[in-house]
Every structure is written in structure tokens, then in C-alpha cells.
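Working notes, structure below.
Because only heavy atoms are used, hydrogens play no part in the values below, and waters and symmetry mates are left out as well, while side chains stay in. Indexing begins at 1, ligand by ligand and atom by atom, following the structure's order.
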Amino acid sequence: MQASLLGEFVNRIIAASDYTEMDRTYLYNRLLNLLGEKDLPGDFRQTDLLTLVAKMVENYDDRLTKQQQSLLKAQLMDFLVPAPSRLNQKFWQKYQQQGSTAALNYFYHLSQASDYIKVSEIKKNKYFKFNSPYGPLEITINLSKPEKDPRDIARLKTVKASGYPLCQLCFSNEGYQGRLNYPARSNHRLIRFKLFEETWGLQYSPYAYFNEHCIFVDQQHQPMKIERLTFARLLRILDLFPTYFVGSNADLPIVGGSILNHEHFQGGRHVFAMDQAKLRRKVVFKDFPAVQAGILHWPMSVIRLTSRDQEQLIELAAKILDGWQQYSDPTVSVLAETDGKLHHTITPIARKRGAADQLDLVLRDNRQDQQYPAGIFHPHADVQHIKKKNIGLIEVMGLAILPPRLVPELTEVKRFLLDLPNQIADQHLPWAKQIKQQAGAINQANVTAILQDAVGQVFTRVLEDAGVFKNDQSGQAAFDRFITTIGIQTEAKNAN
Ligand SMILES: [Zn+2]
């Protein structure tokens with residue numbers, strides 16, 4: 001057979017998948033069918049896989065919209081990924097023979113190689129660190145999600161709503177081709193595992209915010225709910241995948257994540273600023289001698305529990321959740337309920353600490369009032385020019401996910417700081433003036449650092465706004481009053 005574009009892609013499939021030499025003609029014909037019987041002669045052995053696929057799509061029809069291209073690319077990449085049953089068999093075989101890390105590595109690298117994880121897009125994200133009083137926070141400006149093609153937007157007007165898949169986390173996404181208004185999922189796979197009596201799936205996040213960012217999804221499409229079972233599930237997942245952390249978004253609007261209608265957790269292999277945070281003071285809870293506990297030195301209100309005894313850990317976490325859901329302290333604007341609506345929940349995070357399990361319970365309150373219509377414990381108006389959206393699980397742990405609009409906007413702020421002609425947005429002006437006043441001499445050499453520092457300070461404030469018990473004397477006294485209602489053995493002592 002003459003060397004060609006499609007022929008080279010067939011070579012790559014055979015090299016990387018379960019297909020063998022016997023499948024060559026079959027694969028070539030399948031590709032011809034998908035690509036309008038169009039091939040290009042030539043030697044493409046030096047072309048990397050993604051470029052190869054892009055060429056095939058362009059050669060098929062160079063007028064495809066971005067979305068049409070992405071649907072077709074995922075269909076092509078699907079040839080590189082085993083069928084779900086085979087993949088699961090391979091994953092769990094590796095798990096049995098070589099352990100959890102080897103199995104995860106296999107699936108992670110496969111998800112990257114098949115372009116399910118958008119490696120090159122993720123690289124576009126901006127990233128820097130900020131040394132806050134709570135430790136080094138991480139700031140990302142998310143540029144990985146591709147901008148919509150205007151031709152796709154125009155076509156969308158004529159597309160009818162479809163109820164399938166029910167949501168983007170449902171198992172029914174596995175292998176789904178996608179549509180004009182639905183992402184390509186031909187190359188999407190889920191690793192199944194048992195979580196008590198239920199089946200859950202593990203997948204990686206296509207637009208990861210950190211290393212090996214994964215999602216654990218319930219096979220059932222049911223709403224998120226933080227309850228005793230949540231803590232038990234998190235610890236069971238840690239036992240299965242001990243090198244990953246796992247956490248859940250809260251289950252209420254304003255303080256929860258963007259998907260509340262399908263139970264899921266997030267995890268991965270990354271050390272967050274919160275992991276490294278120290279205790280502000282220790283607490284000994286009555287009847288839980290096996291649990292080491294304390295209040296975390298963190299901008300949000302966090303109770304940290306560490307123990308080798310999972311039963312006690314789950315029991316105490318459930319008791320704290322139950323206590324928090326009913327707890328009110330009007331002196332610090334903390335109300336469990338208004339007009340029959342409950343406001344309190346928890347963002348839980350679990351990780352292994354050697355042989356022990358650690359649970360960070362972040363207290364959340366989603367109440368709104370006249371002064372803070374977007375939420376009392378939500379970024380306040382004066383910091384919304386940087387961050388307006390919910391403070392979810394990832395940000396709680398100290399990794400900011402800021403919107404792409406900030407890249408051009410901060411460029412104008414920079415020009416403003418350098419006294420160059422600029423188009424600074426009104427919403428940034430008071431902040432920029434303040435930076436100018438406080439920074440001293442600003443020049444080309446230091447302006448980026450000054451601006452990054454200022455963004456970091458705003459993010460610190462954002463997290464402090466989301467904290468229910470503030471980091472001042474009255475806030476911490478109120479935190480202690482709440483802790484006391486759970487039942488403590490001795491007076492809280494200072495700890496380092
Ligand atoms: Zn769903």
C-alpha cells in the first residue's frame with residue numbers, strides 16, 4: 001500500500017491499540033468512510049498524532065466549524081481507545097498486578113494520548129503563585145476552553161433541546177458522538193468501581209485545573225447531597241486510590257459547584273496550599289479519642305480531622321455536619337435557616353496522611369441579604385471585578401480559577417499602572433488606583449510582579465469573604481462557640 005495520510009494514522013492505531021496487522025484494511029476502510037473517501041499520498045511518519053488528525057479533518061472538508069471538527073476528531077481518536085469493557089479489564093488487571101498508581105497512570109496517559117484530556121489547550125492557562133498569610137496560594141487564569149466559533153453559535157439557534165444525555169456527568173456520555181450543542185464524547189471512557197452497594201465511575205477532566213484532575217461519578221443521575229454517606233464514600237475512594245485526594249463540592253447553590261444535579265466528587269494528584277496549612281488550635285472532641293482535630297489556619301472556616309479509625313472519623317464528621325446544619329449565631333450573621341430554607345452545608349476534602357485518613361470540613365453558609373445580595377459568605381462586590389462566581393471545591397483549597405476576560409483586562413490595568421494610554425475597565429479602576437498608591441515606583445521590570453501580587457491579595461480576600469467565622473477575635477470566639485456545641489473534652493489550646 002502506498003504511503004498516505006490515512007495509512008499513517010492506521011499505523012498509529014495498530015501501534016497503540018488492541019488492533020493488529022490483520023485489521024489494517026478494515027481500519028483504512030472505516031477511515032475512508034468517515035472522511036468522505038479522501039486520502040493524501042505522502043510520508044507522514046514524522047507528523048505528530050494531533051497534527052495528523054487535524055490534517056485528516058481539514059483534507060476531508062476545510063469548511064467545517066470548530067464544533068464539527070471536534071466531533072470528527074473525537075471519532076478518529078476513539079480508534080485508539082479500547083472498548084469500555086476491555087479498558088476496565090485492563091485497568092483492574094493492572095490494579096491487581098501492579099497497584100493503584102500503575103493503573104491510574106495507564107488510564108491517565110491513555111486519556112491524554114487520545115486527546116480526551118486537552119493537553120495543549122490546558123498549557124495555555126496562566127499560572128502564578130502568591131505568598132498569602134495562609135501559605136502560597138495558586139492563581140490560574142483559565143484559557144483552555146476554546147472560544148465558540150461564530151458559525152456554531154449561529155447554527156445553534158436552529159437546534160432543538162434534547163434530553164440525552166441527561167447531563168454531562170451521566171454514564172450515557174460514554175462514546176456519545178456529541179452534537180452542535182453538546183461536546184464530543186466518542187473517545188470518553190469510565191472506569192467502573194463499587195462504592196458500597198453502588199457503581200461509580202472514574203474519568204479524567206478534559207480541561208484539568210491541576211495534575212491528574214479526575215472526577216468520580218455516581219452511575220445514578222441523582223442530586224448532590226452532603227450527608228454521612230458522603231464521608232464514608234470519600235474514605236472508601238481513598239482506600240482504592242490512596243495517592244489521590246478526593247473532595248466534594250457543597251450541595252447548595254451559591255456555595256456549591258456548577259453541577260448540583262448529578263452526584264460526583266473531584267480528585268487528583270496535586271498538593272494544594274490547604275494541604276500544607278497548619279492548625280491554628282487543637283480541639284479534642286468528646287467521645288472521639290482516636291481523632292486528632294483542630295481549626296485550620298485558613299481564610300475559610302475549616303475543621304481538620306485526622307485518624308486511623310475510619311468509623312470514628314465518619315461518625316464525628318457526620319456529627320459536625322448535623323450540628324452545623326442546625327447552628328445559628330446571629331451575632332456573626334450565621335443563620336441555619338430563613339423562611340424554611342436551610343443555608344448550611346459542608347465542602348469536605350479527604351486525603352491520606354501516611355496510614356491515617358484526613359478530612360477537612362469547610363463550613364459553608366449560602367444565605368443572602370440586602371447588603372450582600374450575591375451571598376453573605378461569597379466574594380463581596382468590591383472583589384467581584386476579579387472573581388464573581390461560586391467558590392467551589394478547588395478554590396476552597398487555595399487554587400484560584402479566574403475567568404479568561406482577565407487576560408486582556410489586566411493588560412490594560414498594567415498600562416494604567418505604567419501611565420501608558422489604556423482602556424482600563426471601570427470596574428478595575430478603584431483597585432488600580434489603590435495599587436498605584438501603595439506600590440511605590442512602578443516600571444516595566446516590576447509591573448507584572450506588582451499586578452500578580454495584587455490579584456493574589458484579592459483572591460485571599462475572596463476566600464476570606466467565603467469564610468463563615470472571620471479571622472478576627474470575635475469571629476474566632478464564635479467559631480469556638482460552635483465547636484463547643486459538638487462537644488469538646490478540654491478547652492481549646494493554642495497549637496502550632
Ligand atoms: Zn447526570
Verdict with supporting geometry, D275 and R304, salt bridge (Lys or Arg N to Asp or Glu O under 4.0 Å)
CA-CA 10 Å; D275 301 28; R304 172 167 287 178; 6.0 Å; no
Go through it in stages, so that I can follow the logic: the residues are Y244 and F216, the test is ring-ring contact (aromatic ring centres under 6.0 Å, His included), and I'd like the CA-CA distance, side-chain angles, deciding distance and then a yes or no.
CA-CA 12 Å; Y244 279 10; F216 300 97; 7.2 Å; no
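The shortest heavy-atom contact between I320 and I346 is CG2-CD1, 4.3 Å.
Separation of the Y204 and Y116 ring centroids does not fall under the 6.0 Å cut-off.
Ion pairing between R308 and D357 fails under the 4.0 Å rule for side-chain N and carboxylate O.
Within a radius of less than 2.8 Å around the Zn ion (ligand 1), the protein N, O or S atoms are C167 SG, C170 SG, H221 ND1, H262 ND1.
Screening E212, H213, E138 for a side chain to side chain donor-acceptor pair (under 3.5 Å) involving H270 leaves a single residue, E138.
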